[in-house]
2 protein chains.
Amino acid sequence: MKMRNEYTCPLEMTHDIIRGKWKPIILWQLNKGSHSLSGLKKSINGISQKMLIQHLNELLECGIIHKSKGEGYPLKSDYVLTERGKRLFEAVSIMQSIGIEMMIEDGRQDFLRDKGLL
Amino acid sequence: MKMRNEYTCPLEMTHDIIRGKWKPIILWQLNKGSHSLSGLKKSINGISQKMLIQHLNELLECGIIHKSKGEGYPLKSDYVLTERGKRLFEAVSIMQSIGIEMMIEDGRQDFLRDKGLL
DNA sequence: CAGCATCCCCACTGATACTG
DNA sequence: CAGTATCAGTGGGGATGCTG
C-alpha cells in the first residue's frame with residue numbers, strides 16, 4: 001500500500017490506512033475476536049492468502065493490529081485489534097450501517113434478510 | 001471506479017464508494033456547503049480537474065451528491081450532498097477524528113496546531 | 001499452518017490539450 | 001467556467017508455486 005508522503009489533513013491518513021480492498025472486512029472479523037491466519041482466510045470470502053498477509057502486514061505497520069506468534073508445531077499465529085484498531089473499527093462499523101441503509105433505500109431487503117442483517 | 005459485481009456484505013458497498021483517493025476530501029468540502037467545480041478545485045489541494053470531475057461523477061451515480069447546472073454564461077455548476085451523502089459524511093467525519101487521534105499518539109500535535117485542528 | 005517470491009494484468013491516477 | 005479526450009506510468013490485486 002502506497003501511502004502519501006505528506007498529509008494535508010488527518011482524514012487522508014485514515015483513508016490511506018483503510019483504502020485496501022480487504023481492510024474493512026479484516027477489521028470486521030478481528031473485532032469479533034482474535035484470529036489465526038487460516039481462521040481469517042476461512043472467514044473472509046474470496047481473499048487470497050497473499051493479499052490477506054499483505055494487508056495484515058500493512059495494518060501491523062500502522063499499529064492497527066497486533067500479532068502473536070506461537071513457537072512450536074503446528075505453527076499458530078494470532079492477530080488482534082490494538083486499541084487504535086478498535087477505534088478504527090468504529091468507523092468501519094459506521095460504514096457497515098450506512099451500507100445497510102443504502103441497500104434498504106435501494107430495495108434490497110431480501111439480500112439483507114438472507115444475510116441475517118435485517 | 002471499478003465496483004464489485006456482488007457484495008457479500010453492505011460494508012463492501014460503502015467501502016467501494018469511498019475508496020477513491022479524493023472522495024473523502026470532496027465529501028468533507030461539500031459538507032461545508034455547496035460548491036462549484038472551480039470552488040472545489042481551489043479548496044482541494046493537489047487535485048487535478050480530471051480526477052475531480054471523475055470522482056464527482058462516481059458520487060453522482062451512487063446518489064451521494066446532487067448536481068445543479070446553470071444555463072447562462074458564465075457557466076455555473078453546483079454540487080451538494082444528498083441526504084445519503086450527509087449520512088456518508090458521518091463516516092468520513094469519524095475517519096477524520098481517528099486520524100487526529102492517531103497523529104496525537106504519534107506526537108504530531110505541532111502539525112495539527114498548524115492546521116488549527118487542535 | 002504460516003509466510004515469502006514471482007509474474008502479470010488492469011484500474012487508478014495524472015498531465016496535457018481541446019470543446020461549448 | 002465546465003467538461004471531454006487521449007496517452008502513459010504505476011502500483012494494487014490476484015494466481016501460483018516454494019520454504020520453514
Side-chain angles (χ1 to χ4, degrees), chain A residues 1-8 12 15-27 29-30 34-62 64-80, chain B residues 1-8 12-13 15-27 29-30 34-62 65-80:
Chain A
M1 174 76 45
K2 169 91 171 198
M3 311 289 267
R4 317 174 207 214
N5 312 322
E6 280 196 9
Y7 290 102
T8 60
E12 292 176 340
H15 185 236
D16 270 5
I17 289 177
I18 209 149
R19 228 170 152 188
K21 178 171 181 182
W22 304 96
K23 296 246 168 61
I25 300 100
I26 291 175
L27 292 184
Q29 289 303 326
L30 288 183
S34 74
H35 279 72
S36 65
L37 186 69
S38 56
L40 275 174
K41 182 152 170 36
K42 258 175 268 175
S43 65
I44 299 176
N45 204 300
I47 195 171
S48 72
Q49 189 175 9
K50 180 203 159 184
M51 289 315 299
L52 177 53
I53 291 179
Q54 181 178 310
H55 281 114
L56 286 171
N57 284 335
E58 288 162 3
L59 292 171
L60 278 168
E61 275 180 40
C62 297
I64 305 298
I65 62 176
H66 176 73
K67 172 166 81 168
S68 312
K69 247 194 108 172
E71 295 297 327
Y73 275 86
L75 288 177
K76 172 75 178 170
S77 65
D78 202 53
Y79 293 91
V80 208
Chain B
M1 172 78 44
K2 168 87 172 206
M3 311 289 268
R4 322 178 201 210
N5 311 322
E6 280 195 10
Y7 290 101
T8 61
E12 292 176 341
M13 189 179 172
H15 185 235
D16 269 6
I17 290 177
I18 209 147
R19 225 170 155 186
K21 179 171 181 181
W22 305 96
K23 296 244 168 64
I25 301 99
I26 291 175
L27 292 184
Q29 290 302 327
L30 287 184
S34 73
H35 279 71
S36 65
L37 186 69
S38 56
L40 275 174
K41 181 152 170 35
K42 258 176 267 175
S43 65
I44 300 177
N45 204 301
I47 195 171
S48 71
Q49 186 174 300
K50 179 202 160 185
M51 290 312 300
L52 177 54
I53 291 178
Q54 181 178 310
H55 281 114
L56 286 172
N57 285 334
E58 288 163 4
L59 292 172
L60 279 168
E61 276 180 40
C62 296
I65 63 176
H66 176 75
K67 171 166 83 167
S68 312
K69 248 195 109 171
E71 295 298 328
Y73 275 85
L75 288 176
K76 172 75 177 169
S77 65
D78 202 53
Y79 294 92
V80 207

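None of the values given here were measured: they were computed from a predicted structure. Naming: A, B, ... by sequence-line order, numbering from 1 per chain. We use all heavy atoms of the structure for the numbers below, so side chains are in, but hydrogens, waters and symmetry mates are not.
For the pair K23(B) NZ and dT13(C) C1', the interatomic distance rounds to 12 Å; values are reported in whole Å. Here the P atom of nucleotide dG11(D) and the CZ atom of R4(A) are 14 Å apart, to the nearest Å. Rounding to whole angstrom units, NZ of residue K2(A) and P of dT13(C) are separated by 14 Å. In this structure, I47(A) atom CD1 and dG12(D) atom C1' are separated by 13 Å, rounded to whole Å. Put simply, CE on M3(A) is 10 Å from P on dG12(D), counting in whole angstrom units. Distance N5(B) CG to dA11(C) P: 11 Å, rounded to the nearest Å. The distance between atom CG of L52(A) and atom P of dC1(C), rounded to the nearest whole Å, is 14 Å. If you take NE2 of H15(B) and P of dG13(D), they are 9 Å apart, rounded to a whole angstrom.
A side chain to side chain contact (heavy atoms under 4.5 Å, CB included) with L30(B) is found for one member of V80(B), L59(B), L40(B), I25(B) and no other, namely L40(B). Of the candidates S34(A), S36(A), S68(A), D78(A) forms a side-chain hydrogen bond (donor to acceptor under 3.5 Å, both in side chains) with just one, namely S34(A).
Side-chain nitrogen and oxygen atoms of H55(B) include at least one within less than 4.0 Å of the OP1 or OP2 phosphate oxygen of dT13(C). A sub-4.0 Å separation between OP1 or OP2 of dG20(D) and a side-chain N or O of K69(A) is absent. Distances shown here put every side-chain N or O of K21(A) at or beyond 4.0 Å from the OP1 or OP2 atom of dG13(D). Residue S36(A) has a polar side-chain atom (N or O) positioned under 4.0 Å from OP1 or OP2 of dA2(C). Contact annotation: R19(B) side-chain N/O to dT13(C) OP1/OP2 distance is not under 4.0 Å. Side-chain N/O atoms of S77(A) include none lying less than 4.0 angstrom from OP1 or OP2 on dC1(C).
With hydrogens and angles left out, the side chain of K50(B) and the base of dG14(C) share a donor-acceptor pair within 3.5 Å.
Using a 4.0 Å heavy-atom criterion, one finds that K42(A) contacts no nucleic acid atom at all. At a threshold of 4.0 angstrom between heavy atoms, the contacts of N57(A) are confined to the sugar-phosphate backbone, with no base atom among them. Using a 4.0 Å heavy-atom criterion, one finds that Q49(A) contacts the bases of the nucleic acid, with or without backbone contacts as well. Residue K41(A) is classed as having no contact, given no heavy-atom separation below 4.0 Å to the nucleic acid. Among the atoms of the strands shown, base atoms are found under 4.0 Å from some heavy atom of I53(B).
The side-chain heavy atoms of Q54(A) and M1(A), taken from C-beta on, include no pair separated by under 4.5 Å. Residues I44(A) and Q29(A) have side chains in contact (heavy-atom distance under 4.5 Å, counting atoms from C-beta outward). The shortest side-chain heavy-atom distance between D16(B) and Y7(B) falls under the 4.5 Å cut-off.
If M1(A) and G46(A) are placed on DNA chain D by their nearest nucleotide, the residue sitting closer to the 5' end is M1(A). With DNA chain C read from its 5' end, the first of the two nearest nucleotides for Y79(A) and Q54(B) is the one closest to Y79(A).
Distances from the side chain of W22(A) to the nucleotides dG3(C), dA2(D), dG14(D) place dG14(D) closest. Residue L37(B) has its side chain nearest to dG3(D) when only dA11(C), dG3(D), dA2(C) are considered. With dG12(D), dA2(C), dG14(C) as the choices, the nucleotide that has an atom nearest any side-chain atom of M51(B) turns out to be dG14(C).
In terms of modelled atom types and a separation under 3.5 Å, the side chain of H15(A) and the main chain of I18(B) share a donor-acceptor contact.
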